Every structure is written in structure tokens, then in C-alpha cells.
Amino acid sequence: MIGVVKESLRDIRRHKRASVLLALVISSASFLFFVFSSAVYNLGLAEDNWSKQLRAAVFFVEGADVNQLSEQISKVKGVLEVKHISSELALEILKKRFPDEDIVFSANSVPGFIEARISADAVANISLDLQRIEGVEDVSLSSSWFKSLKDLIYFSALFSIGVMIFVMVLSTILVFYAVRLMRLCGATEFRIRVPYVVSGVVMGVFGASVGVCFQYIFGKAVDKSLSQFIDGWVSLTTMQVVFVYTASIFIGCFGNLMAFVRSIDDQQ
Amino acid sequence: MIHFKSVSKIYDNDVFALKGIEAHIQKGEFIFVTGSSGAGKSTLLKMIYGGLKPSDGSVVVGGSIVDELSSYRLAMLRRQMGIVFQDFKLLWDRSVVDNVCLPFYVWGKLNSENKELSELMMKKFDIWKYRNEYPHKLSGGEQQKVAICRALVTSPWILIADEPTGNLDPKSAEEVFKMFYEAAQRGSTVIFATHNEHLLSLHKGRVLKLDKGRLA
């Protein structure tokens, strides 16, 4: 057994270019997974936080009765709380949000609005419901960009899964041919399996480690760039690391295992 | 040494590839298996090395019924054989020397003695100069030489060749054939499938002619 393992390691050295390529593909797939999963994880945390703070700004026509309008808005399904933001208060908020900018507006030039805190479930329809109320001029939702970002993240998730499937299929096809030939040369099942499994484990561990390093550097960079907006970007969790190492070893070996099954069928 | 006992093979689409083949091949014989395309030549050869199981009858090689062997015993039987294909079946990601040494590698016997043996064989076939090249850089004739070297390096008792000259020009085909002929003179049993009438007319050997799956 030790002899076969040594030979497998020698085989990796003998095929340096192919081994490095495989490890890089695993690293890329691991890194993509890390980026996707940490984005989903952090957005999940943010969603929890933001869903309690979802707000709609309801701008009204000049001369509208603010109290009556507030009462009507509070009756709309999904509205949790209503607050009138006067022109003066809106200007204060603007100044707080952009402390480094010189705000040259007067209180009258910034429009007042009614701020409605809304439930996450009602986000989809609430804009239309609010616009139907007489006296409402425009409705601005604070969460529309959030949905677009989530769609983008799910698209990247599909992409990274696609890359992983591609790697598995490619390795199955490549190994299938070699395994058939080895059988014809008189290789026993043990002699075929062990080198592939050992090289799968070595490539998987190496590839995953490179992926972890990339993610660590990437996470630090993201944390630094988004520190104004997000309170601590979580880039590596224990669960993620365990999963990536397991999946990478699986990717390294899966193609080979599939090839054994297919070549056994082929003999019938 | 090799005995076909009423061997028939029907594929999944109900096509008869072989029908009631009865043949006996002695040790050291040079056998030509001929017939037109689709006559069953490749099917017959695959049954010798256990690549296919007969639908009826049995193939006995060296006293063992091939389709009844366990995967381990089948691997041991294949170690007594050298197999050469029309499309060479080389590993494109391995150098010429790695391809030639492949049998020793998969047997776990890639020691200095066997490496020397491979070197001698490659020098004899004039491919030692390409030892570190990859197969795609060689011509068809040279690739076939590598495949034959791989089959002969283990000094097999049985040498199976499935139209090994099919993709080669006449000069390369003659060179390749010479290699098999020399192997037969060293005591190997050679089973050579071909539809090259010119080769048949030039060389001695018993002919098994197949016609639509039957021995003519």
C-alpha cells in the first residue's frame, strides 16, 4: 500500500503540468464557491437586519393634508409605522448623510415626505398600493437594489456550480480512457483505484488550500472596502472551510470513481 | 492454447456479430483473421482478452474460460497478452517512454531492470530518440511503433493486433508487420486481424476468414 501511495506521488511529480492545472481548476471552483457562499451569508445577515428597517418614502403633492394622508397610509396592508419628515428634518438628515459635502439647499428646497416602515413580505406590492392614495406624488423604496443584488448572487451561484460540474465531467472523460487502457494492460482494480484516489486527495487538498488563501485575501479586501456600509464582512466560516475541503477532495476523486463504474459497464 | 467453443455473440440491437465459431489456436502460431468490415474480426479478438463476453459458447485461453474469470484473474491473464489497436490507444498526456512503460507501471513493477528493458525495446524500434516527446508530435507510423513497443515490452505469450496497419502507408505497414513476425519467431502466438490482401499474400500464417460472423 505504501509503495502504491509513493508511486502515486511520483506520478503527480511526473505530470507536473497536468497536476498544477487540475489543482488550479479546483482552486478556482473553491474560490468561486467561497465568494458565492460568503456573499450569500453576508447578504443573509444584512437581509435580517434590513428587513426590520425597510422603509418607503412617500412624497405628496403640495397642499395635501399630511395628517389625513398619514392616517390613510397607515391603513395600507404591510405598513407597520408612519412618520412625517418635514422639509427641515429632511435637510438635517441630508446633512448627516453627507457630512463632507457642503449642503447649499434651503429648508424649503428639500421636499418633506411621509416615511412608512414596511414589512418585508409586502415589499413587492406596497409601492402600487401607496401610489393609489389621492395626494401621493411618488413613492421611493429603499430595497429595490437589494433584490437585483440577490439575483446577481444567485446567478454567480449557478455559475460556480456549473464550473464544478464541468470539472467533474471533464475529469470523468479523461480518466475513463486511461482506465480502460490500464485494464487492457493487466491492471488490477486496486492498482487503478489507489493512485487516482491518492492523487485526487492530494490535488483536492492543495486546490482547496489555495482557494482558502485567495478567499482570505479577498475577504480582507472586501471588508476594508465595504467597512463604511457593512459592519464586519464574514469571509471564512468553519463550515465553509470544511465543506470546501470535502468537496475539493470529492471533485478530485469523483471523476475517477465515475470512470470505474462506466468502464465496468463497458466490459459487459 | 486458445479455444473458441461454439462462440456466438449477439449485440443489444439483435445483430449477430459471431455465429457458432469453432476454432483452436496453438502456441506460437501466426494467425491472420480476415474478412470485410463488420464480419466480426474485432468482436472475435475482444473475446480473447475479455473485452466482450460471448452470448453463447465459451472462449478458453490457457485453460481458463475467459468470461468466468474474476476481475483479478482476468487482469493476471491480460498480463500474458499484448494488445495493439488500429487507433494506437496511446495516453496523450504521457511521454513516449511513459506510454511504453505503462504495463510495468500498472503492474507496480516499474523498476530499473524493466526500465532498461523498455529502453532496449525502444532503441530496437528506433523510437528512443522520441522518448521525452508526447505522442501527438509523432507520425502515425511512429505512434503505432510506440503502441507495439508497449505490447511487446512485457514479452507476452499472446499478441493480439486489431488492424494495426489500417491507418498506415504501405512502407510503415510492412515495417509494423515485420515486428509482429519477429515476435512470433520468438515464440509468441500472434493473432493479426487485417483486410489487407497484400500482406496476406506476402507472409505465411494460418488464415481464419470471417464472413458475416461465421468462419468461411
Side-chain angles (χ1 to χ4, degrees), chain A residues 1-25 170-200 203 255-257 259-268, chain B residues 9 11-12 45-55 66-67 69-85 87-95 97-111 132 134-135 147 150-151 153-154 156-158 160 162:
Chain A
M1 178 70 183
I2 293 168
V4 182
V5 172
K6 276 183 183 172
E7 255 180 52
S8 313
L9 296 175
R10 223 175 285 140
D11 200 40
I12 293 173
R13 280 206 299 274
R14 201 179 295 134
H15 303 104
K16 277 184 204 124
R17 275 188 298 183
S19 306
V20 167
L21 190 68
L22 177 61
L24 281 179
V25 170
L170 190 68
S171 88
T172 302
I173 292 167
L174 291 176
V175 172
F176 173 57
Y177 180 77
V179 167
R180 280 185 69 182
L181 195 59
M182 286 177 179
R183 279 183 206 283
L184 292 179
C185 288
T188 58
E189 296 302 304
F190 179 78
R191 291 289 317 181
I192 294 172
R193 277 165 211 256
V194 173
Y196 280 122
V197 172
V198 170
S199 64
M203 295 292 101
N256 310 320
L257 297 173
F260 298 137
V261 176
R262 283 179 57 186
S263 52
I264 286 166
D265 288 346
D266 191 60
Q267 283 187 342
Q268 303 312 310
Chain B
K9 177 69 186 175
Y11 285 114
D12 291 341
L45 298 191
K46 281 179 183 172
M47 287 188 179
I48 299 172
Y49 61 79
L52 279 176
K53 288 180 179 177
S55 308
V66 178
D67 61 284
L69 292 174
S70 65
S71 63
Y72 179 80
R73 295 287 302 274
L74 184 63
M76 293 303 118
L77 180 70
R78 284 176 177 170
R79 290 185 187 190
Q80 316 300 323
M81 299 177 182
I83 309 168
V84 181
F85 301 91
D87 59 353
F88 323 132
K89 295 214 189 303
L90 299 173
L91 292 178
W92 303 103
D93 62 333
R94 295 187 190 218
S95 64
V97 69
D98 285 344
N99 268 284
V100 173
C101 291
L102 186 71
F104 295 128
Y105 168 74
V106 299
W107 298 358
K109 289 179 181 170
L110 191 59
N111 50 35
N132 293 322
Y134 285 84
R150 182 184 65 198
V153 75
T154 58
W157 295 354
I158 304 167
I160 298 166
D162 191 358

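Keep in mind that what you see is a predicted model, and the values were worked out from it rather than measured. Atom set for the values below is all heavy atoms of this structure, side chains included, hydrogens, waters and symmetry mates excluded. Note on naming: letters A, B, ... go to the chains in the order of the sequence lines (proteins, then strands), and numbering restarts at 1 for each one.
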Atom [atom1] of [X] and atom [atom2] of [Y]: how far apart are they, to the nearest 0.5 Å?
| X | Y | atom1 | atom2 | answer |
| --- | --- | --- | --- | --- |
| B:L91 | A:L181 | CG | CG | 5.0 Å |
| B:Y105 | A:C185 | OH | SG | 12.0 Å |
| B:Y72 | A:F190 | OH | CZ | 11.5 Å |
| A:E189 | B:L74 | CD | CG | 9.5 Å |
| A:L184 | B:F85 | CG | CZ | 4.5 Å |

- Query: Looking only at heavy atoms, what is the nearest atom pair of B:A75 and A:T188, with distance?
  - Reply: CB-CG2, 4.0 Å
- Heavy-atom contact with chain A under 4.5 Å, split by part of B:L77: neither
- Mind checking what makes salt bridge (charged side-chain N to carboxylate O under 4.0 Å, His left out) contact with B:R79, not counting sequence neighbours? none
- Those residues at least two apart in sequence (or on a different chain) that pass salt bridge (charged side-chain N to carboxylate O under 4.0 Å, His left out) with B:K89 are B:D87
- Item | A:R183 side chain vs B:R78 backbone, donor-acceptor pair below 3.5 Å | no
- Could you tell me whether the side chain of A:R191 and the main chain of B:V106 form a donor-acceptor pair under 3.5 Å? yes
